[in-house]
Amino acid sequence: MIYDQARYVENGQYEPLLSEKETTEVDVGGDDSPLPDDLTRDSVELPDLSEPELARHYTRLSQMNWSIDSGPYPLGSCTMKYNPKFTEAVAADPNGSVHPDRSDESIQGNLELLYGLQEYLAEIGGMDAVTLQPPAGAAGEFAGILVAKAYHEANGEDRNEVIIPASAHGTNFASAAMAGYDVVELPSAEDGRVDVEALEAAVGDDTAALMLTNPNTVGLFERDIEHIAETVHDAGGLLYYDGANLNALLGRARPGDMGFDIMHYNVHKTFATPHGGGGPGAGPVGVVDELAEYLPSPRVRERSSGSGYELFDPEQSVGKVHGFQGNWLVLVKAYAYIARLGDEGLLDASAKAVLNANYLGSQVEFDIPYGPYHHEFAATSGEKDAADVAKRMLDYGVHPPTTKWPEMVPEAMLTEPTEIESKKSLDDLAAAFNNAAADDEETLADAPTRTTARRIDQVSAARNPRLSWRALGDDE
Ligand SMILES: *Cc1c(COP(=O)(O)O)cnc(C)c1O
């Protein structure tokens, strides 16, 4: 069994699929179609539901999920911050929903917004040029590394290595490999930061780029960042900034000023906009001047006449990495969020993100091996299995942290409350950690007991997915 459906029923929360509810045969007039008979049908079985039944179906399903609108969601590295509803209202404006193939002239408002977001992001990151096209942080990484590759190739340089710290997100390794590079993994120093001596030994004529997250994935700021940048640049390499942790720095420090040449922004993390379950998101990429001509196309610029905006293809563009200008509605929400918060609001967000993480960390009884940390901390559950502790936290009514990553912390619980939580809600979160810490092994191993789905066999679900629905009890 892929997941334990019986348990859904056991907890009284099983909700049949629409196709399992009462259905009605509806005539769809296939007889009249000019298409071949084997490609048409005369009728389909459709659920036979009234509006209230339909509303209940989706509401019940939504109640089986955890979301940022139901409670704390301190999933480290993911920055699951509350998404203000005004951004949804802005994105829902029907005037903004135009066909992307329309002429520049007829979508000036849309282009102005996209241009404004390019400018906002460039300013926030200390970059010179931005593309909004990549649809996720990982896609931004891939696009950014392709830009680095195009730059080196244009300079007649044959560099085949990308250096990545062991503590980096898995997508860094994957992006570099997909772009055709050999990955050189850099060990962490004892203090949890980049091992500068190891870096000095690793860089050379083969180095195309170093990919770095700052603060890193256990929340530590790379204090030697200027020296690190110099080391990579002196070897002829480029410095790539993984922007997933930008929430810690908003308005305070800029990757461009630290010496980074390329960065992606996870706008769905840093600038609100809902994410999870694989999307949707956006991973704009910013670069310094020298790299601007390689960015994916199209970008938006002001017309040379000085009035209005136009799309253009950068001269030596690496091409397209997504359709049109990217995930429009996500970009609208990010723009609305930045515009509403303004300079002071962004400063306030990063201040509270760091304060909240540090307050929560001070209340949690688990050991936190590395610090001082910024917007997130990696606690360790020690002798206890971090996954068991996480499952038990579900019973205490909160979403658990990211578990077992980064690997430099054994049984890691990477926790990022973000700026949105109140002191009361941070205290509730701390209580959930501490209650789980006090529970015995047996209780932990049996958790969660109060959720709709209990322990899911994730390995089978990934290795042996069932791609079509079978009714309960029908195992074949
Ligand atoms: C989330 C994350 C990514 C990948 O971003 P996606 O938008 O999920 O593709 C990369 N690096 C770090 C550190 C992250 O937390």
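FYI, side chains are in, hydrogens and waters are out, and symmetry mates aren't considered; it's all heavy atoms of this structure. Remember, it's 1-based here, ligands and their atoms both numbered in the order they're listed.
Residue H268 has at least one N or O atom closer than 3.5 Å to an N or O atom of ligand 1.
Heavy-atom proximity to A244, at under 4.0 Å, picks out these atoms of ligand 1: 2 (C), 11 (N), 12 (C), 13 (C), 14 (C), 15 (O). Ligand 1 places these atoms under 4.0 Å from at least one heavy atom of A136: 7 (O), 9 (O).
The protein atom (non-hydrogen) at minimum distance from atom 6 (P) of ligand 1 is G137 N, 3.5 Å. Looking only at heavy atoms of the protein, atom 15 (O) of ligand 1 is closest to S77 OG, 2.6 Å. Atom 5 (O) of ligand 1 has as its closest protein heavy atom N266 ND2, 2.9 Å. Shortest contact from atom 11 (N) of ligand 1 to any protein heavy atom: D242 OD2, 2.6 Å.
In summary, of the residues considered (N245, N247, T79), a side chain to side chain donor-acceptor pair (under 3.5 Å) with H375 occurs for N245 alone. Between Y120 and the choices Y265, Y115, Y335, the ring pair (Phe, Tyr, Trp, His ring centres under 6.0 Å) rule is met once, by Y335. Evaluated for a side chain to side chain donor-acceptor pair (under 3.5 Å) with Y396, the options D428, D439, N434, N435 yield exactly one hit, D439.
Using modelled atom types, no side-chain atom of E411 and backbone atom of G382 make a donor-acceptor pair closer than 3.5 Å.
The option with the heavy atom closest to atom 2 (C) of ligand 1, from among H169, E416, E141, K269, is K269.
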(request) Could you check I124 against F271 for side-chain contact (heavy atoms from CB on, under 4.5 Å), going step by step and ending with a plain yes or no? (result) CA-CA 11 Å; I124 289 167; F271 305 112; 4.0 Å; yes
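Contacts of A138 with ligand 1, taken as heavy-atom pairs under 4.0 Å, involve both backbone and side chain.
Between the side chains of S350 and R252, at least one donor N or O sits under 3.5 Å from an acceptor N or O.
For the atom pair CZ (R301) and CZ (F312), the distance works out to 5.0 Å, reported to the nearest 0.5 Å.
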